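To start, the structure under review is shown below, and the notes come after it.
Bear in mind the structure is a predicted one, so any value in this text is a computation, not a measurement. Just the heavy atoms: all of them, side chains too, but no hydrogens, waters or symmetry mates, feed the values below.
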Amino acid sequence: MILTSKGATMPYTPPWMCTDAGTPKPGAPVIHLRAGDVIERGQMEAELSGPYRAGQVWGFELRQAVRAGVLALLGDDPELDRLLGLIEAEGEGEADTMGADNKLLLGGVRNVLGEHWPEYRELVAQLERRRAIAPIVALKRYCVGMEVEGVTFSLGRDGQVSEVTLGQMEPFLIQVAGNAAYNLQKPGGLEGNSPRPSPSDDSPKPSGSDDTSTAGGTSPAPDGKRTRGSRSRRGSGRSSTSGSTADASPRP
């Protein structure tokens with residue numbers, strides 16, 4: 001849902017706590033969220049980037065870090081061209097057409113880089129900070145009321161949801177309602193920049209990666225169709241994100 005005017009509000013209840021008609025089930029939490037303006041959204045991004053070191057991470061940044069790490073750590077690997085081709089193909093949105101062996105290989109490469117390539121490791125850490133913190137920051141800023149059993153709603157001196165209120169809420173509810181508040185400000189989201197998605201259908205889609213690894217950082221022999229690739233090309237500016245509705249580590 002897109003709220004076009006500052007101050008407009010909407011009630012939010014996690015979808016699995018609603019009836020088939022879309023109304024909250026008895027006792028289900030109802031979180032009232034409002035729309036912010038451009039300045040407020042900028043202030044939220046400044047807060048994430050500054051105090052929390054959780055600024056936006058772009059898909060092309062991740063791919064450049066992956067490519068640089070692969071060239072530095074696996075430059076003598078006979079499968080280097082294949083790896084670079086897979087990185088390029090994934091960046092161009094062709095991940096769904098890759099075979100299982102190629103996805104496994106890319107997941108292993110990301111694990112190796114996470115262990116041995118600081119540039120990539122730091123970007124992943126920044127993205128994880130953002131996924132964890134952005135929903136909380138958004139909920140504090142854009143929640144104007146709630147009906148949640150056992151929770152007393154109050155605002156702090158800064159006009160945002162108080163720490164006392166947040167402390168009474170279930171952490172999972174903070175995350176899913178915070179995701180909804182975040183998405184309300186940026187309905188389309190940007191891959192790689194959205195907070196960690198919730199089970200809700202309106203959660204953002206960040207970047208995901210396989211969590212398998214290759215032994216010793218070397219790539220297995222090719223199996224199946226060869227993917228085009230070239231050492232000379234660099235990652236494009238197109239953003240990545242989890243596609244995966246979710247989750248966890250960024251996709252180059």
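- In this structure, D76 places its CG atom where only 12 or fewer heavy-atom neighbours from other residues, nucleotides or ligands lie under 6.0 Å away.
- Follow the hydrophobic side-chain contacts under 4.5 Å out from L173 and you reach W16 in the same cluster.
- Here the CG-CH2 distance, from L71 to W117, works out to 9.0 Å after rounding to the nearest 0.5 Å.
- Put simply, the side chain of I31 reaches to within 4.5 Å of the side chain of L139, judged on heavy atoms.
- Minimum interatomic distance between L106 and I87 (heavy atoms only, all atoms of both residues): CD2-CG1, 4.1 Å.
- Under 4.0 Å is where a charged nitrogen must lie from a carboxylate oxygen, and between R110 and E115 no such pair does.
- The number of heavy-atom neighbours closer than 6.0 Å to OH of Y52, taken from other residues, nucleotides and ligands shown, is 12 or below.
- The two residues R121 and H116 make their nearest non-hydrogen contact at NH1-N, 3.9 Å.
- Considering every non-hydrogen atom in both G178 and A138, the closest pair reads O-CB, 3.8 Å.
- Connection of V148 to L155 is established within a shared hydrophobic cluster, with ILVMFWY side chains joined at heavy-atom distances below 4.5 Å, either directly or through further cluster members.
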From CA spacing to verdict: side-chain contact (heavy atoms from CB on, under 4.5 Å), V109, L86: CA-CA 11 Å; V109 167; L86 290 174; over 6 Å; no

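- Under 4.0 Å is where a charged nitrogen must lie from a carboxylate oxygen, and between E90 and K103 no such pair does.
- Using a 4.5 Å heavy-atom threshold, the side chains of R82 and E79 count as touching.
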Kindly determine whether R53 and Q126 satisfy side-chain contact (heavy atoms from CB on, under 4.5 Å), including the steps that lead there. CA-CA 7 Å; R53 297 175 54 241; Q126 181 175 326; over 6 Å; no

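- Counting all heavy atoms, side chain and backbone alike, P135 lies closest to N179 at CG-OD1, 3.5 Å.
- Residues F172 and M146 share a hydrophobic cluster, clusters being chains of Ile/Leu/Val/Met/Phe/Trp/Tyr side chains in contact below 4.5 Å.
- Put simply, M10 and M17 are part of the same group of oily side chains (I, L, V, M, F, W, Y) that touch within less than 4.5 Å, one to the next.
- Taking both residues in full, the closest heavy atoms of A132 and Q175 are given as O-NE2, 3.3 Å, listed atom of the first, atom of the second, then distance.
- Summarising the geometry of R141 relative to E40, their closest heavy-atom pair is NH1-O, 4.3 Å, with the distance given to 0.1 Å.
- Heavy atoms of other residues, nucleotides or ligands lying less than 6.0 angstrom from CD of E170 number 12 at most.
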Begin with the C-alpha distance, continue with both residues' side-chain angles, and end with the deciding distance and a verdict on side-chain contact (heavy atoms from CB on, under 4.5 Å) for T152 and T165. CA-CA 6 Å; T152 301; T165 295; 5.7 Å; no

Decide side-chain contact (heavy atoms from CB on, under 4.5 Å) for V30 and Y12; before the verdict, give the C-alpha distance in whole Å, the side-chain angles of both, and the deciding distance to 0.1 Å. CA-CA 6 Å; V30 179; Y12 172 80; over 6 Å; no

